[in-house]
Amino acid sequence: MVVTNDYTRDEHARRYARVSRLMPEVEWDVHFDMVRAIEALKRERNAIVLAHNYQRPEIFHGVADVQGDSLQLARAAARSQADVVVMCGVYFMAETAKLLAPGKTVLLPDTAAGCSLADSITAADVRSLRVLHPGVPAVCYVNTSAAVKAECDVCCTSANALEIIESLGEREVIFVPDEYLAAWVAAHTRVRIIPWRGRCEVHERFTGAEIIEYRRSTGAYVLAHPECSPEVQQAADYVGSTSGMIAALDKARPAKAVLITECSMADNVSAAFPDTQFLRPCNLCPHMQRITLPGIRAALERLEPAIEVPAAVAPAARACVQQMFEQMRRLAA
Ligand code: 13P
Ligand code: SF4
């Protein structure tokens, strides 16, 4: 099959406008051949590239068809007409995409792209919690393995955790694995939250004292992810998911902002907020950083590594994710 490649130098220069505040054009130009090759492979394979908000700018602005938080990417995977989905994110995101789009080939360019939260809990741990708290529903953060999801009633993301938990109409709920997201939910609901002790290795590094000092010395508007500690959450002007932060920035349009989250996020959103100066406390997620343009190209060439969810857990894990969408539909009705 002959595939025409209409990714031109002009198109590359046009995309540069999105990152011109971050890098000199000569640095962007280094990526031209790789982006051009990936664009050709996307057409050849009928593939779509999904990029989490924490991805490198050359992926986020260079080759992604859909950008967003974990909830938005999961939805995009389910809705897409593509045959192949390339997940530029971490393992649990690729697994979630495969659960929602079982007929598609879901590629994760580096299968070692894990997550400290997903690794903090096993299916056996959830079973033990259920034995300790009989009859109490179990909600899991989407940052979990399919095996853990299979043991839970419904999953959620940081964008909808509070709504999903309250939608169950229960007095108490098991919520795993992020103890800080659980603390944030507990502070905003009357539902008794039974947490686990998982943490994000990136967000737990920020301290409350650091945030207070940022605000004092710069006057910046502070937005924090709920995976940060309660001290950081209390010191922030806004607490929410990565998509929530973008919406809050859009509303506040501050002169200076600091995003207390993975550091690529400020790079990626800065193009949409040209009048905001982003201060960058830099904590990178080592797992997200494993995804590179050469890795995406190789995955599309070889159609691997393709993610499969073990048949023994796939139906129950899928039901857990679909229940999240069901609860959201009910809430919207
Ligand atoms: P979001 O759900 O906000 O995309 O966050 C996912 C994540 O891994 C944050 O560290
Ligand atoms: Fe996991 Fe934290 Fe990385 Fe998000 S930033 S993928 S929660 S380790």
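Being a predicted model, the structure only gives us computed values, none of them experimental. Start at 1 and go down the list; that is how both ligands and their atoms are numbered.
Linking Ile, Leu, Val, Met, Phe, Trp and Tyr whenever their side-chain heavy atoms come within less than 4.5 Å puts Met93 and Met265 in one cluster. The hydrophobic cluster containing Met34 also contains Ile296, counting ILVMFWY residues as joined when their side-chain heavy atoms lie under 4.5 angstrom apart, directly or transitively.
Here the side chains of Lys98 and Glu308 are in contact, with some heavy-atom distance below 4.5 Å. Put simply, the side chain of Pro137 does not reach to within 4.5 Å of the side chain of Val154, judged on heavy atoms.
Among protein heavy atoms, the minimum distance from atom 9 (C) of ligand 1 is reached at Glu227 OE2, 3.2 Å. For atom 6 (C) of ligand 1, the nearest protein heavy atom (residue, atom name, distance) is His52 NE2, 3.7 Å. When only non-hydrogen protein atoms are considered, atom 5 (O) of ligand 1 lies nearest to His225 NE2, 3.4 Å.
For Gln72 and Arg75, the side-chain atoms include no donor-acceptor pair closer than 3.5 Å. Residues His52 and Gln67 bring no donor and acceptor atom of their side chains to less than 3.5 Å of each other. Inspection of the Asp267 and Ser264 side chains reveals no N or O donor paired with an N or O acceptor under 3.5 Å.
When Val90, Ile291, Thr292 are each tested for a side chain to side chain contact (heavy atoms under 4.5 Å, CB included) with Asp110, only one passes: Ile291. Results of the side-chain hydrogen bond (donor to acceptor under 3.5 Å, both in side chains) test with Glu227 over Trp184, Tyr180, Tyr141 single out Tyr141 as the only residue that passes.
Using a 30° and 60° split on the angle between ring planes, His12 and Phe32 fall in the perpendicular class, above 60°.
Within the 4.0 Å heavy-atom shell around ligand 1 one does not find Cys200. In this structure, Met288 has no heavy atom closer than 4.0 Å to ligand 1. Residue-ligand proximity: Glu262 is placed with every non-hydrogen atom at 4.0 Å or more from ligand 1.
By the criterion of a heavy-atom distance under 4.0 Å, the side chain of Glu227, and not its backbone, is placed next to ligand 2. At a heavy-atom distance under 4.0 Å, only side-chain atoms of Asn143, from C-beta outward, approach ligand 1.
Comparing Gly68, Ser70, Ala161 against atom 2 (O) of ligand 1, the shortest heavy-atom distance belongs to Ser70.
Close contacts of ligand 1 with Ser158, meaning ligand atoms under 4.0 Å from a residue heavy atom, involve 1 (P), 2 (O), 3 (O). The His203 neighbourhood of ligand 1 comprises atoms 10 (O), with distances under 4.0 Å to a heavy atom of that residue. Listed by number with element, the atoms of ligand 2 under 4.0 Å from a non-hydrogen atom of Leu117 are 7 (S).
The distance from atom 3 (Fe) of ligand 2 to the nearest N/O/S atom of Cys285 is under 2.8 Å.
Not one N or O of Ser241 is nearer than 3.5 Å to an N or O of ligand 1, by distance alone. Checking only distances, Thr242 does come within under 3.5 Å of ligand 1, N or O to N or O.
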